[in-house]
Amino acid sequence: NEITLKKIIELISDGSTYSVYNLKDALYQGSASRAIKICRVLKRDDVDPMIICWLLKKEFRNLLKAKIRLKFGDSMKQIFLDYNIWQREQYVFKNQVNRLESEHMISLLEDISEILLGIKTGSKIQFWTELEFILIKFIDPEIVAFESPKLRRMSEIG
């Protein structure tokens, strides 16, 4: 086989280790392929699903609360202080608040809560598949513009 720079980079990145914070960064950057890749590495590395859900729920909740606070006249500067948003993350956080609708963020929170409930109760939920669905739904709401109850329940059936 021919050795190319692309093949070398792919081999190196396959051995990469990521944290849930890398996943958060990929979400805020809007990179679906990177988010899915990181998600799959976290699965490979046996990262506890509760940690991922905790982080996503916290982020989605902060985005929703920030959107509501802006509507009531709070400044983005005060929101950054209250939610401990570091300066390097402020631009992307603000963009996400402006980009996402409140209803969409509520839907994401409901999805994460459903996964958490499934994990806690030991249901046959396909956590990693559901998580990838939520990541894509966050990054591009238009791709996942519909939800079929039958399709959603298929993961619970197994």
Legend entry - Hphob cluster co-occupancy, L63 + Y21, side-chain heavy atoms under 4.5 angstrom: yes
Inset, instruction - With side chain to side chain contact (heavy atoms under 4.5 Å, CB included) as the test, would you mind laying out the steps for L64 and L108 before giving the verdict? - result: CA-CA 10 Å; L64 178 60; L108 289 166; over 6 Å; no
Inset, instruction - Output every pair passing salt bridge (Lys or Arg N to Asp or Glu O under 4.0 Å) with a member in residues 94-104, not counting sequence neighbours, ordered by first then second residue. - result: none
Inset, instruction - Kindly write out the residues that satisfy salt bridge (Lys or Arg N to Asp or Glu O under 4.0 Å) with R61, not counting sequence neighbours, or none if the list is empty. - result: none
Inset, instruction - Measure across L42 and W128 and return the closest heavy-atom pair with its distance rounded to 0.1 Å. - result: C-CH2, 4.0 Å
Legend entry - Closest non-hydrogen atom pair, H104 against K137: NE2-O, 2.9 Å
Inset, instruction - Identify, with sequence neighbours excluded, every residue that meets side chain to side chain contact (heavy atoms under 4.5 Å, CB included) alongside S75. - result: K77, Q78
Inset, instruction - Applying side chain to side chain contact (heavy atoms under 4.5 Å, CB included), run through M76 and L70 and close with a yes or a no. - result: CA-CA 7 Å; M76 191 55 88; L70 283 174; 3.4 Å; yes
Inset, instruction - Indicate the atoms forming the closest heavy-atom contact of Q96 with F138, along with that distance. - result: OE1-CZ, 3.6 Å
Legend entry - Sequence-distant partners of D82, salt bridge (Lys or Arg N to Asp or Glu O under 4.0 Å), two or more places apart: R69
Inset, instruction - Any side-chain hydrogen bond (donor to acceptor under 3.5 Å, both in side chains) involving residues 22-35? Give me the pairs, sequence neighbours left out, ordered by first then second residue. - result: S19-N22, K24-E89, Y28-E59
Inset, instruction - State, to 0.1 Å, how close L135 and C39 come at their nearest heavy-atom pair, and which atoms those are. - result: CD1-CB, 3.9 Å
Considering only distance and modelled atom types, tabulate donor-acceptor pairs under 3.5 Å from the side chains of residues 48-57, sequence neighbours left out.
residue: D48; atom: OD1; partner: M50; partner atom: N; Å: 3.0
residue: K57; atom: NZ; partner: S113; partner atom: OG; Å: 3.4

Legend entry - Spacing of CD1 belonging to I36 relative to CD belonging to E132, to within rounding of 0.5 Å: 4.0 Å
Inset, instruction - Please lay out, stage by stage, how F60 and D111 fare under the test side chain to side chain contact (heavy atoms under 4.5 Å, CB included). - result: CA-CA 11 Å; F60 297 161; D111 291 344; over 6 Å; no
Inset, instruction - Identify the residue among I79, L100, V97 that makes a side chain to side chain contact (heavy atoms under 4.5 Å, CB included) with K67. - result: V97
Legend entry - Within residues 68-98 or reaching into it, pairs that qualify as ring pair (Phe, Tyr, Trp, His ring centres under 6.0 Å) - sequence neighbours excluded: none
Inset, instruction - Could you tell me the separation between the CG atom of D74 and the NZ atom of K71, rounded to the nearest 0.5 Å? - result: 13.5 Å
Inset, instruction - Tell me whether I125 is reachable from L117 by hopping between hydrophobic residues (I, L, V, M, F, W, Y) whose side-chain heavy atoms are closer than 4.5 Å. - result: no
Legend entry - Reported OG1-to-CG distance for the pair T17 and D45, which is rounded to 0.5 angstrom: 5.5 Å
Inset, instruction - Please lay out, stage by stage, how L23 and Y18 fare under the test side chain to side chain contact (heavy atoms under 4.5 Å, CB included). - result: CA-CA 8 Å; L23 181 63; Y18 296 104; over 6 Å; no
